[in-house]
Colleague: 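My structure is below; once you've seen it, I'll send some questions.
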Amino acid sequence: MLLLLGAAGCRRTPVKPAVETVSDLHSYSRPEQVRVRHVDLDLEVLFAGKTLKGAATLTLERKAGSALVLDTRDLRIEKVETSPDGRAWTTAQFQLGPANPILGAPLTVTLAGDTKQVRIHYSTSPGATALQWLEPAQTAGKTHPFLFTQSQAIHARSWIPLQDSPGVRVTYTARIRAPKPLTAVMSAESLTRDGEFSFRMEQAIPPYLIALAVGELEFRPIGQRAGVYAEKPVIERAAREFEDTEKMIQAAEKLYGPYRWGRYDILVLPPSFPFGGMENPRLTFATPTVLAGDKSLVSLVAHELAHSWSGNLVTNATWRDFWLNEGFTVYIEQRILEQVYGPRRAEMEEALARGELQRELDRLPARDQILHIDLAGRDPDDGMTEIPYLKGALFLKLIEKTAGREHFDAFLRGYFDRHSFQSITTAAFLTDLRASLPAAAERVPIDEWIEKPGLPRSAPPPPVSEAFTRVEAETTRWIRDEIPAARIAAREWSTQEWLHFLNALPKRLETQRMAELDRAFKLTGSGNAEILQTWLLMSQRNGYIAADKRLEEFLLSVGRRKYLKPLYEELVRTADGKRRAQAIYAKARPGYHPITAATIGAILK
Ligand code: BES
Ligand code: ZN
């Protein structure tokens, strides 16, 4: 569990940083003794048995001891071999320890004095937490099955035996066998030839960024180095929605230096994908719920792209430091949006985020409001609230305001260079900040922001959006019954204005007032997932049963956890709602990702 963090073996690392010793509570591995540097995968995708079967060959760096400790979860280990040179292999002793519900089971391999490589022959279990196996009916094309992985935070161990800590960066190569006519894609450079899917990631990445998807996929370029993978029925829509991607890359490069990963493609997954997006290097995974038709939800692309700097280049060393990934990323996302779509749009997004942060703070216990969160004994997925994202971004915004934008931009650019291809802790960030921007670091109450719950009084004031002020005026007129819904001046409203409108409405509305809004604006029929989810939540809260059918449809067709969780939570508040929720869940459960199912299962239990 002790990691030595330092130059991650990447030829692009300019300076060799001081080595820092950090412990990661969420890994059994002991990389300070034996450290995995490269992972080579040879896997067959077996849809019938919902298993991946094959071998992982790990290349080691040895400092001490004669045991390699790996993380696993529900893996069936068939055989372990060791080799001094990658040619001669001998069967090795191994021991699979008891399984912990959060961490899985440690796999200890006994090494000979000259062992440089370890090969593990294994297969995954059908319940592997990183894998979702979709039936043809759950895909857009309806004829072929689909598989995708989601390794963050500690699910990589459920499909690859490795040192599953974000501080243990690895390069990787892979060969994947998949049934025809399916295509395999990974978070790596594709070397695929003649239907032999093979991949190479030459930059050292944390294990949670290793990703695979297999399905009937098409590809469309949307720029020199950007493109979209999706199923055929979705590909054109996706290519249009994401046409500004190249502009976003350029905006980010102008601020933080060159994009270092070569290509930037986006894979649009079937709707059961449990997240909005996942920043797998070279290949962002995205939910189809962002395909609104008007680019109004593409902040998600700005976000996942921003991770190419914050997260993938400079990575949180442990899951306590998750805010370093997400807080920086939200901050950069906002800067990209401002560059590409202008300050008005950025202001609106920021104001919406501020509202979300406030609602999250009202909801969460104090211990979960802390950026440098204590996750001892907890699943790192528990730390995945809006706090690391939005409080983190606000903290950086405060530093920006204190230092001045120009100085802060120069600092961030330098920060990404100084720590590129490294995994760093909150303390390392603060040391860097104090050294690089001493005056600003002095003036900001750092400890209060990092170690304390709540929103510090030093938080920058929420942005004033004139568009939102106009929305509020209209909302007030309707609430006071001065105008009917049909006369609200909403014709030109963007998605962001609609969301602000819905958020500004009283928590409780009479059913006939809900119906009036619905008649005027067809909200139950909205094709925009963000607006629809907000409306469905209001509908359930207010007993507006005309939306019940649509709610059920939504819960049955979408697997994005952030959307489903609040809806189920609202449902279980009433006895009737709880019965409906259970009935819907019974039908929907087989289609949910294990991560989503775990969350919803806990709400219903
Ligand atoms: N890296 C996260 C997703 C994640 C975090 C998965 C922790 C598992 C554990 C990704 O970058 C993300 O933040 N996605 C957001 C969308 C974004 C626009 C805020 C999501 O999925 O909601
Ligand atoms: Zn993120």
Side-chain angles (χ1 to χ4, degrees), residues 26 102 129-130 132 148-158 164 166 187 205-211 242 248 252 266-269 271-281 283-290 292 296-316 318-334 336-337 349-350 352-353 356-357 360 373 375 378-393 396 495-496 499 529-530 533 558-566 593-596 598-599:
H26 295 107
I102 295 172
T129 53
Q132 191 175 17
F148 64 85
T149 66
Q150 165 58 43
S151 297
Q152 196 180 14
I154 56 169
H155 302 290
R157 63 191 66 178
S158 78
D164 195 8
S187 55
I205 57 168
Y208 74 83
L209 293 177
I210 305 180
F242 299 144
M248 291 186 184
I266 302 169
L267 168 66
V268 180
L269 291 152
S272 68
F273 185 58
F275 297 105
M278 178 63 214
E279 66 272 25
N280 297 316
L283 185 63
T284 282
F285 282 21
T287 168
T289 61
V290 291
S296 63
L297 303 179
V298 295
S299 59
L300 181 123
V301 175
H303 179 97
E304 304 312 335
L305 171 67
H307 274 304
S308 306
W309 286 264
S310 46
N312 299 3
L313 195 58
V314 181
T315 307
N316 52 211
T318 76
W319 298 112
R320 285 198 81 175
D321 310 301
F322 183 54
W323 79 275
L324 289 181
N325 275 17
E326 298 299 344
F328 278 64
T329 295
V330 170
Y331 173 83
I332 295 175
E333 166 197 339
Q334 289 168 351
I336 294 173
L337 291 176
E349 302 260 14
E350 246 186 276
L352 286 172
E356 266 173 60
L357 174 58
E360 191 79 323
I373 188 172
L375 289 170
R378 303 179 73 186
D379 188 323
D381 285 349
D382 291 354
M384 211 203 151
T385 67
E386 296 290 347
I387 301 300
Y389 289 77
L390 304 180
K391 187 175 170 182
L396 296 180
T495 296
Q496 284 67 36
L499 292 171
E530 203 73 34
Q533 193 265 1
V558 172
R560 187 172 176 184
R561 186 171 66 167
K562 180 179 143 192
Y563 287 164
L564 299 192
K565 186 169 177 267
H593 188 284
I595 292 174
T596 299
T599 303

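Computed from a predicted model, the values in this text were never measured in an experiment. First listed ligand is number 1; within each ligand, the first listed atom is number 1.
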Colleague: Which protein heavy atom lies closest to atom 20 (C) of ligand 1, and at what distance to 0.1 Å?
Modeller: Gly276 N, 3.4 Å
Colleague: On a heavy-atom basis, I'd like to know which of His303, Glu386, Met278 is closest to atom 18 (C) of ligand 1.
Modeller: His303
Colleague: Taking the side chain from Thr287 and the backbone from Phe273, do they hold a donor-acceptor pair closer than 3.5 Å?
Modeller: no
Colleague: Near Arg560, which atoms of ligand 1 are under 4.0 Å from a heavy atom of that residue?
Modeller: 22 (O)
Colleague: Determine yes or no for a side-chain-to-main-chain donor-acceptor pair under 3.5 angstrom, with Thr329 supplying the side chain and Ser310 the backbone.
Modeller: yes
Colleague: Taking 4.0 angstrom as the limit and counting only heavy atoms of Glu279, give me the atoms of ligand 1 inside it, by number and element.
Modeller: 1 (N), 2 (C), 10 (C), 11 (O)
Colleague: Can you tell if the side chain of Ile373 reaches within under 4.5 Å of the side chain of Phe322, non-hydrogen atoms only?
Modeller: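 A side-chain contact is absent here, since even the closest heavy-atom pair is not under 4.5 Å.
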Colleague: Could you walk me through whether Gln132 and Ser272 pass the side chain to side chain donor-acceptor pair (under 3.5 Å) test, one step at a time?
Modeller: CA-CA 9 Å; Gln132 191 175 17; Ser272 68; 3.0 Å; yes
Colleague: Find all atoms of ligand 1 within a distance of less than 4.0 Å from any non-hydrogen atom belonging to Gln150, and give their numbers and elements.
Modeller: 6 (C), 8 (C)
Colleague: With a 4.5 Å limit on heavy-atom distance, are the side chains of Leu283 and Phe285 in contact?
Modeller: yes
Colleague: Keeping the roles fixed (side chain from His26, backbone from Arg378), state whether a donor-acceptor pair exists under 3.5 Å.
Modeller: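 Confirmed, His26 side chain pairs with Arg378 backbone.
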Colleague: Quick one: does Phe242's side chain get under 4.5 Å of Val268's, heavy atoms only?
Modeller: yes
Colleague: Hey, does Phe322 sit under 4.0 Å from ligand 1 if you only count heavy atoms?
Modeller: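 Contact check Phe322 vs ligand 1: positive.
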Colleague: Would you mind checking which non-hydrogen protein atom is closest to atom 16 (C) of ligand 1, with the distance to 0.1 Å?
Modeller: Glu304 OE2, 3.8 Å
Colleague: Considering non-hydrogen atoms of the protein only, which is the closest contact for atom 10 (C) of ligand 1, and what is the distance?
Modeller: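 Nearest protein contact, heavy atoms only, for atom 10 (C) of ligand 1 is Gly277 O, 3.2 Å.
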Colleague: May I ask you to identify the nearest protein heavy atom to atom 2 (C) of ligand 1, giving residue, atom name and distance to one decimal place in Å?
Modeller: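 Looking only at protein heavy atoms, the one closest to atom 2 (C) of ligand 1 is Glu326 OE2, 3.3 Å.
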Colleague: Looking at Tyr389, which atoms of ligand 1 are within less than 4.0 Å of one of its heavy atoms?
Modeller: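 Atoms satisfying the 4.0 Å criterion: 2 (C), 5 (C), 12 (C), 13 (O), 19 (C).
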Colleague: Which heavy atom of the protein is the closest neighbour of atom 5 (C) of ligand 1, given with residue, atom name and distance?
Modeller: Gln152 OE1, 3.3 Å
Colleague: Is there a side chain to side chain donor-acceptor pair (under 3.5 Å) between His307 and Glu326 once you walk through the steps?
Modeller: CA-CA 8 Å; His307 274 304; Glu326 298 299 344; 3.1 Å; yes
Colleague: Verify, without hydrogens or angle tests, whether Ser187 (side chain) and Pro281 (backbone) share a donor-acceptor contact under 3.5 angstrom.
Modeller: no
Colleague: List every atom of ligand 1 that sits less than 4.0 Å from any heavy atom of His307, numbering the atoms from 1 in the order shown and giving each element.
Modeller: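 Counting from 1, the qualifying ligand atoms are 11 (O).
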Colleague: Which atom name does Glu326 have for its N/O/S atom nearest to the Zn ion (ligand 2)?
Modeller: OE1
